[in-house]
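Reviewing the structure listed below.
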Amino acid sequence: MATKQVGAKKIRVLPGFKLTLGYTLLYLSLIVLIPLAAAFAKTSTLSWAEFSHDVFSPQAMASYRLSFGASFFAALVNAVFGLIVAWVLVRYSFFGKKFVDALVDLPFALPTAVAGITLATIYAENGWIGHFFSSTSAWHVFFHLPAIKISFTRIGVFVALTFIGLPFIVRTVQPVLEDFDSEIEEAASSLGANRWQVFWRIIFPTIMPALLTGFALAFARALGEYGSVVFISSNIPMKTQITPLLIMTKLEEFDYPGATALAVVMLVISFLILLAINVLQWWTSRYNTDNLS
Amino acid sequence: MTAATTTTQTRPRAILRRSTNEPPFVRWLLIGVALTFIALFLVIPLISVFAQAFAKGFGFYFQSIRDPLALSAVKLTLIAAGISVPLNCIFGVCAAWAIAKFDFRGKNILLTLIDLPFSVSPVIAGLIYVLVFGAQGWFGPWLIEHNIRIIFAVPGIVLATIFVTFPFVARELIPLMQAQGRTEEEAARVLGASGWQTFWRVTIPNIKWGLLYGVILCNARAMGEFGAVSVVSGHIRGQTNTIPLHVEIMYNDYNFTGAFAVASLLTFLALVTLVLKTWVEHKNTALRGTAFTPVPIGKKAG
């Protein structure tokens, strides 16, 4: 860094570079980097046999399947409905739009524990929404539908993760839709494209990177989610136990090496998703500049 | 958006409707689907919190809130937020100053590292502090020797809260200060202002809304954090329980109404956060958008 400016010392008009950067790096190291390094250091003391015993145990594998599966489907459902919500908020006007727009951020602002106990209660068999799916509800009795249990099952995990991920899609797609130039739509339309073609060929490709980013963000958040799931899931090993909960269980049993091994697996996966999101962002920005020129 | 609406009004409405809008039944269908989804996942849970909280009447509600254990949980939550928010605020301003006002190598890596806590599961955030300060951790023996408790005590809760709220202020300020550039500060300096004068009289007025925005979001998360705090707390009633942990304990004790009564405090906080957030966005439209979403920094300003 310094070698570049050996001859003429670069004059900085603004002060405080060394102080602020130094403090930033110090604080970052103390709070984030060193503690995270501790997880990797702890794992490196394990032998491969110990590590793989913890990481590939049947219980761990079942928890990955649930965590990844439920997170994936939750992100997918959010991608569809989040896109519709974003679309409706940007394009149409209706009563209460501002209220809905502000409310979309509720899953961010509401503490996860509160979300957990609330969702568990309303999606329980006798809950406000859950009773519509129970065997005693009128339409189940009438049509002889099978009852669906939501709270304390895998579906409950999915519901909680959908709640958590909802704002990510809306908030990543919304700005792109707002910036979308309607003249492109008008041009396509005047050249004979119908509304459906305009959406799939013109609008959708433009919002696709943002949609994927939102999906990845929602998926990543859902993978690590703990607070809301722990209440709505029955937390039975091999069945309804997500990976963060398995880590928690191991911690409560003072199995720190086992918990850390699983944590490292989750950390590596999170970092890979973060990398993917960065690539997606780069793709989005490239797409936008192509659009402008 | 405002630009778009003004241009649309100058053109023949019928043609525009047909070309860039859906038929009414599609519109109403989409609005219906969106509102149903919002109702199922957001509105009904929100109403349900307050309905459950007041299920046994106002008397029981206030009794649950005034319970000494609840009050000690509130106190600890205020302590944790009161320490972590200002610290992350100072960090956010420092990081934004260094990143936005100067050029140096590795800036993008630094930006990614600042965002890192957002992609770490709360449980893992707690776990890493146990590995550093816990009895079997790096500093564990030394801490025991000097009779300092961090894990299963208040300092651990504060540290975990700092970790999970780490990026909030920084990620609001960095894009904002990058967009503002450095010319105003440079002008102030050339005109003879000292570094501090420049910061207080030029930079702070420019970033005050962004700073407030970051503080609001940071505070909401700090007061509501559950997973990370749960790992390092040790759940000692009346001593190391924050409000969310107190909610969990009451819920697991089958005191549902009490749990929801205390949870309604946090829900009220969430609603206040949303109102303040909307108000700040209204005051400063540049802040609109990626409020809590961990989108890599640098994109937002554009």
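Throughout, protein chains are lettered first and strands after them, A, B, ... in sequence-line order, and every chain is numbered starting at 1. Reckoned from all heavy atoms, side chains included, excluding hydrogens, waters and symmetry mates.
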Problem set entry | Atom pair CG/CG of B:N108 and A:N278 - distance to nearest 0.5 Å | 8.5 Å
Exercise. Under 30°, 30 to 60°, or over 60°: which ring-plane class applies to B:F104 and A:F17, parallel, tilted or perpendicular?
Worked result: tilted
Problem set entry | Region of A:A220 that comes under 4.5 Å of a non-hydrogen atom in chain B | neither
Problem set entry | chain A contact via B:L159 - which portion, at a heavy-atom distance below 4.5 Å | side chain
For this session: Give the member of A:S270, A:G224, A:A216 that has the highest number of heavy-atom pairs under 4.5 Å with chain B.
Result: A:G224
Problem set entry | Side chains of B:L110 and A:L28 in contact at under 4.5 Å (non-hydrogen atoms) | yes
For this session: Using a 4.5 Å cut-off on heavy atoms from C-beta on, say whether the side chain of A:L21 contacts that of B:W97.
Result: no
Anything under 3.5 Å between a donor and an acceptor, one on a side chain of residues 107-123 of chain A, the other on a protein residue two or more places apart or in another chain? List them.
residue	atom	partner	partner atom	Å
A:T118	OG1	A:V114	O	2.5
A:T121	OG1	A:I117	O	2.7
A:Y123	OH	B:L40	O	3.2

Seminar exercise, completed: Only residue of B:L274, B:T267, B:V43, B:T273 satisfying side chain to side chain contact (heavy atoms under 4.5 Å, CB included) with A:L106 is B:L274
Seminar exercise, completed: The reported gap from SG in B:C94 to OH in A:Y27 (rounded to nearest 0.5 angstrom) is 10.5 Å
For this session: Mark yes or no for whether B:Y129, through its side chain, and A:I31, through its backbone, hold a donor-acceptor pair below 3.5 Å.
Result: yes
Problem set entry | Interface moiety of A:I129 toward chain B, non-hydrogen atoms closer than 4.5 Å | side chain
For this session: May I ask you to test the B:L116-A:L274 pair for a side-chain heavy-atom distance under 4.5 Å?
Result: yes
Exercise. Considering all heavy atoms of both residues, which atom of A:V32 and which atom of B:P117 are nearest to each other, and what is their separation?
Worked result: CG2-CG, 3.7 Å
For this session: Could you check if a side-chain atom of B:E248 sits within less than 4.5 angstrom of a side-chain atom of A:F231, using non-hydrogen atoms only?
Result: yes
Exercise. Do the side chains of A:N78 and B:F37 get nearer than 4.5 Å, heavy atoms only?
Worked result: yes
For this session: Calculate, to the nearest 0.5 Å, the distance between atoms CD1 and CZ belonging to B:I38 and A:F81 respectively.
Result: 11.0 Å
Exercise. Under the side-chain hydrogen bond (donor to acceptor under 3.5 Å, both in side chains) rule, what pairs show up with a residue in residues 29-52 of chain B, not counting sequence neighbours?
Worked result: none
For this session: Answer yes or no: are there more than 12 heavy-atom neighbours, outside B:I109 itself, under 6.0 Å from its atom CD1?
Result: no
Exercise. So do A:Y92 and B:E22 actually touch side chain to side chain, heavy atoms under 4.5 Å?
Worked result: yes
